[in-house]
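A note on names: the letters A, B, ... follow the listed sequences, proteins ahead of strands, and every chain is numbered from 1. Excluded from the calculations below are hydrogen atoms, water molecules and symmetry mates; all remaining heavy atoms, backbone and side chain alike, are included. Treat the numbers as computed from the prediction; the structure is a model and nothing was measured.
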Amino acid sequence: MSRRRELICGVIRQRFGDVCVNVAAMPSLDSPDFMTRVKQLFQQDKTPEFIEWTNASVWRASALDCLTALRALAVDEPISSTQGEVSSPADFVRKLKEAKNDEQLQFELLTVRYAFPLNFLLSSEYLVQEYLLERLMVQDRARIEESSIEAVSADALLLKLNLVAIYSSGTTDLRFLDALNYYYEMLPLTWQPQSRHKWLLISFLALYARALSCYC
Amino acid sequence: MRVGILANSYLSAFRIYQQLHDLPDCDLFILLAPLPHRSPWISILANFARMIFTCFTVAGWQLSALPFNRRVVFLPHPINHPDSVAQLTRKRLDIGLLNSGIIYREPTIAAFRLGILNPHIGVLPKYRGRNVMEWSVLQGDRTGVTVFFIDGGIDTGERIVVQEEVDISQFTSISKAKQYLFDLDGSFFRKALIRLTAENSSYQINDGSGHRYYVMSQLFQGVVTELLQGNN
């Protein structure tokens, strides 16, 4: 292993340990059962042996909705799927751009398209992956840094972070993992999101931890 | 060739002027615009004071005629304001040299016959966007400077005039390495202008094949710092 890779893996392992400690110390927010299961997963002395997410090359459909599926993925449960049909990612990005000032609509668009969230791993979703990364690292970041975390919709922000965390587990492109690093450093440790789905913060941390453990 | 240095501060523009004023076939101007959030009058007064101050430095004394021969233009509005664009258009400039962190809009760029040159501290097309020096080091790639004509996107302008690898292995901190690369802007503008005034000048193409990079986390900045320190 090169020195560069050794250094990167060293800090990633440290960060993984740090995230586990913080997850263990988190209050229950709005979903105590889910929180307990996440804590169980990360309270072990060693890195959990995660179920491998198969690198599907075709779009999958799921009987679950996006948010239920995210909760399952965050506690490393498998989710069943069947072959599905998908609309063009370019059209979808256009819709997201049209809804750029309506975060609730963006949230709904994302949850409908990624009812099976592992579809976000597909290479055909390149345009959406890049668009969400840009939104997180330019517009959302600027609003939070210039004002406060309350300046953005917590649900929309956390959903984007959850999806980017899923993609980070399946790519070697460090820009995506580093967006999660950046938000982990920026979000206050005591933050309790004012949102409908507060548990998205826990699932983000769980999926972030998984992405960290996947890299090295 | 009529060339304008686009800046917010007289001092930074003068630093570039010093490195370019003796270029043959190059009619050089300094164009000072206030920052969008700053009062134009405060900006003009501050730059006027800097101009006077510069005249009393050793380097400034040799070029002390500069403020009096209509080479310094004060724009009363921010650079993308329609009045500023109209004023720039009237100057009939061929090339603008970017020396501020402002994002330039299409009409501003179009006010220059050939366009506006940007000295980007990364290798294009691979490294677009923010913190590209750090990302290059983190990923084990070469660091360098690319001078290219900007368009409305983020480091997507197609015409690359000069691109060179620059060794930063003598630096042990990110800030010093970056400052070193930023301070090469005058010499790289000089190379670009010489190339553009030469016969049969041609461009490399920025084909957009790389990635856009973003602000780097403290976690990875720590790795970059260790990599830089490991070189020494």
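Considering NE2 of H211(B) and CG of D173(A), their distance stands at 5.0 Å, rounded to 0.5 Å. Annotation: the span from D178(A) atom CG to Y213(B) atom OH amounts to 11.0 Å, rounded to 0.5 Å. Separation of atoms CD (Q218(B)) and OH (Y182(A)) is listed at 8.0 Å; rounding is to 0.5 Å.
Of the two parts of R141(A), only the side chain, counted from C-beta on, holds a non-hydrogen atom closer than 4.5 Å to a non-hydrogen atom of chain B. Contact annotation for R130(B): only side-chain heavy atoms (C-beta onward) come within less than 4.5 Å of a heavy atom of chain A. Only the side chain of R15(A) comes within less than 4.5 Å of a heavy atom in chain B; its backbone stays farther off. Contact of E134(A) with chain B is made through backbone and side chain together, with heavy-atom distances under 4.5 Å.
Closest approach of L7(A) to E226(B), counting heavy atoms only: CD2-OE1, 3.4 Å. Heavy atoms only, all atoms of each residue included: E185(A) and L219(B) are closest at OE2-N, 3.0 Å. The heavy-atom pair separating L174(A) from W135(B) by the smallest distance is O-CH2, 3.8 Å. Across all their heavy atoms, R4(A) and L138(B) have their closest contact at NH1-O, 2.8 Å.
Relative to the six-membered ring of Y214(B), R175(A) misses at least one condition, a distance below 6.0 Å or an angle of at most 45° to the axis.
Enclosure of atom CZ in R94(A) by more than 12 non-hydrogen atoms of other residues, nucleotides or ligands within 6.0 angstrom is indicated.
Put simply, the side chain of N181(A) never gets that close to the backbone of S217(B): no donor and acceptor are under 3.5 Å apart.
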